[in-house]
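Right, one structure below, let's go through it.
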Amino acid sequence: MPGVHIGEYPAFFFLSRSCTREMLFRFLIFCIIKHMDNFLDQLNEKQREAVLLKDGPLLIFAGAGTGKTRVITYRIAYLLSQGVSPLNILAVTFTNKAAEEMRRRIDVLVPGMGRSVWISTFHSFCAKFLRTEARHVGLDPNFLIYDENDQKQVIKSCIKELNLDEKKFKPARLIEIISRAKDDMLDADSYSIHALTSGDYFRQVVATIYGLYQSKLKQSGALDFGDLLLLTVINLRENKALKEKYQYRFRYIMVDEYQDTNHAQYLLIKYIGAESKNICVVGDDDQSIYSWRGADIRNILEFEKDYPDCRTIKLEQNYRSTSNILSSAWHVIKNNERRVEKKLWTNKEEGNPIKFIENRNAIEESEAVAGEIERLRNKNKYNFCDFSVFYRTNAQSRVLEDSFRRSGIPYIIIGSVRFYERAEIKNVLAYLRLIHNPHDNVSFRRVINIPKRGIGKTTMQALESIASEKGVSLWGALPYIGFAEIASSARKSLFNFKELIKELQKNKENESVKEIALKVLDKTNYVAELEAEDTLEAKNRIENIFELISAIEEFESRSSDRTLTGYLTQVALVNEIDDWTESNDKVVLMTLHLAKGLEFKTVFITGLEEGLFPIGESSYDIDDLEEERRLMYVGMTRAKESLYLSWAQERTVFGKTHWNIPSRFVQETQSMDSIFEVRTAKADAGEEVIEIERKEGVKEYIDEQHQMFALGSRVFHQKFGKGKIIDKSGSGENLKVIVLFDTGQWKKLVVKYANLDII
DNA sequence: CGGTAGTCAGTTTTT
DNA sequence: CTGACTACCG
């Protein structure tokens with residue numbers, strides 16, 4: 001180190017205590033320049049081209065595993081080496097995990113620089129923007145962010161207030177409509193205009209709900225996810241000074257996973273980058289899997305139209321997967337008609353063949369996965385974290401979890417039952433939110449009677465009506481309770497609650513989040529009350545609460561914004577995938593959606609059954625089916641060395657057992673040399689798992705499953721007449737179908753004996 | 001007001 | 001099968 005000199009100063013000078021941020025910055029830049037040649041050597045020709053195209057709009061088509069993150073991080077390093085200040089660089093990713101990963105990798109290239117470059121998700125960028133500019137955009141800088149659960153509560157109260165039928169206007173559906181409207185830049189007023197012109201009654205009611213919903217959010221001082229984007233974009237559009245400020249600040253913009261951006265996100269980038277035009281977007285239309293969330297694939301396909309002078313670079317060399325994996329993935333994705341043709345290639349060897357496992361049910365499938373992980377670990381000295389298991393729906397994780405627990409395999413489930421969604425955690429958080437902003441009605445309703453303080457339905461109804469009469473929040477209604485018909489005991493309780501929150505709010509500016517949280521536990525007696533319950537469940541809840549306290553500690557040790565606002569924002573926008581690091585040697589379980597952007601030595605894709613993956617009715621709609629197929633492609637291309645595809649003949653959903661046929665994606669891989677069946681045999685010592693490898697007639701078998709007696713096909717039976725196949729199980733001689741006959745009755749029939757004719 | 005039993009709908013996928 | 005919600009009684 002002392003040998004390194006910057007100009008006339010020895011490097012250690014810069015590392016001494018007197019070093020300023022600026023000096024450190026210059027030192028780091030020096031290091032980058034020194035190593036830039038080395039950096040560039042680590043890139044292939046196309047990647048280097050993408051890194052070196054410093055100015056102007058740039059579109060990078062980056063196939064799976066082609067070093068997309070590498071290009072972005074090296075590009076940032078290159079920009080820094082060219083004298084661009086880290087403060088002028090904005091990198092936007094889709095998930096927090098991706099942002100974290102990028103930061104980490106920049107830090108590897110340019111130590112300490114990861115923190116200075118603004119890298120965030122769209123949503124956290126907007127949250128930061130709106131808080132910083134709150135004064136200019138007419139917001140309280142302490143606004144809360146409502147998650148989907150909070151949204152649901154608000155929507156429900158809207159429906160109640162408007163005397164609508166929850167069955168006709170389902171909260172979940174309404175949230176979806178409103179969220180999609182916001183993605184498309186339609187605020188409540190614009191939506192209302194559209195609804196009126198359409199003459200559609202349903203849409204007009206939705207417009208009313210939308211409007212009421214927004215006023216309720218405002219009353220509570222809250223924004224939902226969609227608002228973060230919508231308001232940011234509206235303000236950038238309307239406020240010239242603001243727009244110029246951000247255009248000036250962010251001279252270089254990079255957007256990851258551009259294929260998944262929605263219209264609002266597209267506009268955000270367009271506005272900020274309009275001046276410098278230094279917009280670099282990276283994406284892959286084959287990995288677009290969020291259209292259901294408003295993502296518009298046209299954003300990537302029409303980038304060249306938006307920026308006529310843009311340069312386009314295609315990254316096609318895959319560094320991740322063996323050629324076996326890559327070619328099967330290609331065989332699957334090429335079935336999509338709506339895609340830009342790309343030819344990924346690799347100079348890696350063929351590698352292991354893809355292994356197909358057929359199981360009788362979900363339990364055996366899980367056992368097979370667990371068994372295979374143990375076998376591979378013994379054989380190849382793999383770590384647990386080299387394995388990942390993907391599935392289409394979160395519900396599938398439970399069975400896997402059971403098997404892993406039985407086998408003693410350490411695992412981590414990412415995303416399913418979220419820690420922050422547990423009742424006891426939400427209760428503590430609701431207190432924190434009230435301390436931060438007592439007008440938060442959702443939190444107020446949540447904890448007004450937790451722990452029990454004798455405030456029930458009647459009291460709440462009275463309070464609600466005061467609030468709506470006066471046009472204030474529930475908290476704001478408290479001073480008026482003297483005039484309402486509220487039992488004196490309840491009145492006293494409300495008063496005490498108010499004093500409690502006020503007490504907790506005292507000194508909040510000077511206390512750490514942890515101190516505030518501990519004060520909540522202390523003053524509310526929440527833990528003590530749980531202890532008194534003395535049940536296993538209560539014990540569990542107490543444990544979770546302490547886990548929350550350590551999560552807060554963790555937050556405070558790591559985050560740059562350690563305020564209560566910062567913490568609550570983080571809780572709303574960050575999921576636990578960000579806390580997972582490879583340092584924990586655990587098998588990772590997650591949905592296919594969450595897997596995007598990650599890679600593992602060995603990947604299991606489970607539940608490959610028609611109706612589950614592709615899910616539900618999606619196979620009847622070409623667009624839906626193609627998105628499912630892209631999801632399959634994303635899953636397959638996560639694997640570096642080994643890929644397992646498994647399915648179960650029957651699966652229990654909602655306590656009902658369904659018979660399924662293998663997913664069409666299985667046969668689309670075109671690489672089925674053999675199928676493994678896992679059978680559990682009863683031996684003297686108990687149960688024994690037997691693996692059977694079926695090599696012959698594999699293709700015929702799958703074809704038969706799909707074509708001979710496909711679900712939905714019409715059949716004729718001598719005795720029962722005409723009908724439709726609605727379910728299916730077994731194979732070969734044991735192939736059984738359930739037929740719903742036109743008479744209305746249904747029968748389970750063994751195909752071999754039933755003598756059915758396909759009509 | 002609070003507890004409990006009974007009903008009913010719901011699982012895609014996420015910031 | 002679960003969790004969320006409702007209705008009724010102590």
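First the proteins, then the strands, lettered A, B, ... as listed; each starts at 1. Everything quoted here is computed from the prediction, not taken from an experiment.
By the 5.5 angstrom centroid cut-off and the 30-degree plane limit, A/Trp292 is classified as stacked against the base of B/dT13.
Spacing between B/dT13 and C/dA4 at atom P, rounded to whole Å, works out to 16 Å.
Take the nearest nucleotide of DNA chain B for A/Lys457 and for A/Lys170: the residue whose nucleotide is more 5' is A/Lys457. Heavy-atom nearest nucleotides on DNA chain B were determined for A/Lys452 and for A/Gln151, and the one closer to the 5' end corresponds to A/Lys452.
No cation-pi contact links A/Lys182 to A/Phe225, judged by a cut-off of 6.0 Å to the six-membered ring centre and 45° from its axis. Taking the centre and axis of the six-membered ring of A/Tyr633, the NZ or CZ atom of A/Arg630 falls outside the cone set by 45° and 6.0 Å.
The interatomic distance linking A/Lys167 (NZ) with B/dG10 (P) rounds to 10 Å, in whole Å. When the P atom of C/dC5 is taken as reference, atom CD of A/Gln153 falls 7 Å away, rounded to whole Å. As rounded to whole Å, 13 Å separates atom P of B/dT13 from atom CD1 of A/Ile289. Going from atom CZ of A/Arg180 over to atom C1' of B/dT15 covers 10 Å, rounded to whole Å.
Listed candidates were B/dA9, B/dC1, B/dT14. Nearest to the side chain of A/Thr459 is B/dC1. Counting only heavy atoms from C-beta on, A/Thr393 has its side chain closest to B/dT11 among B/dT11, B/dT14, C/dT2. Picking from B/dT15, B/dC1, B/dT11 the nucleotide with the shortest atom distance to the side chain of A/Phe654 gives B/dT11.
Using a 4.0 Å heavy-atom distance criterion, A/Lys596 is classed as making no nucleic acid contact. At a threshold of 4.0 angstrom between heavy atoms, the contacts of A/Gly454 are confined to the sugar-phosphate backbone, with no base atom among them.
For the residue pair A/Glu650 and A/Asn361, no side-chain donor N or O sits within less than 3.5 Å of a side-chain acceptor on the partner.
Salt bridge A/Arg338/A/Asp623: present, at least one basic N to carboxylate O contact under 4.0 Å.
Taking the six-membered ring where the residue is Trp, A/Tyr411 and A/Phe404 present tilted rings, their angle falling between 30° and 60°.
Applying the 4.0 Å criterion to OP1 and OP2 of B/dT14, one finds that A/Thr95 has every side-chain N and O outside that range. Taking side-chain N and O atoms only, A/Asn394 has a distance below 4.0 Å to OP1 or OP2 of B/dT13. A close approach under 4.0 Å does not occur between any side-chain nitrogen or oxygen of A/Asn449 and OP1 or OP2 of B/dC1.
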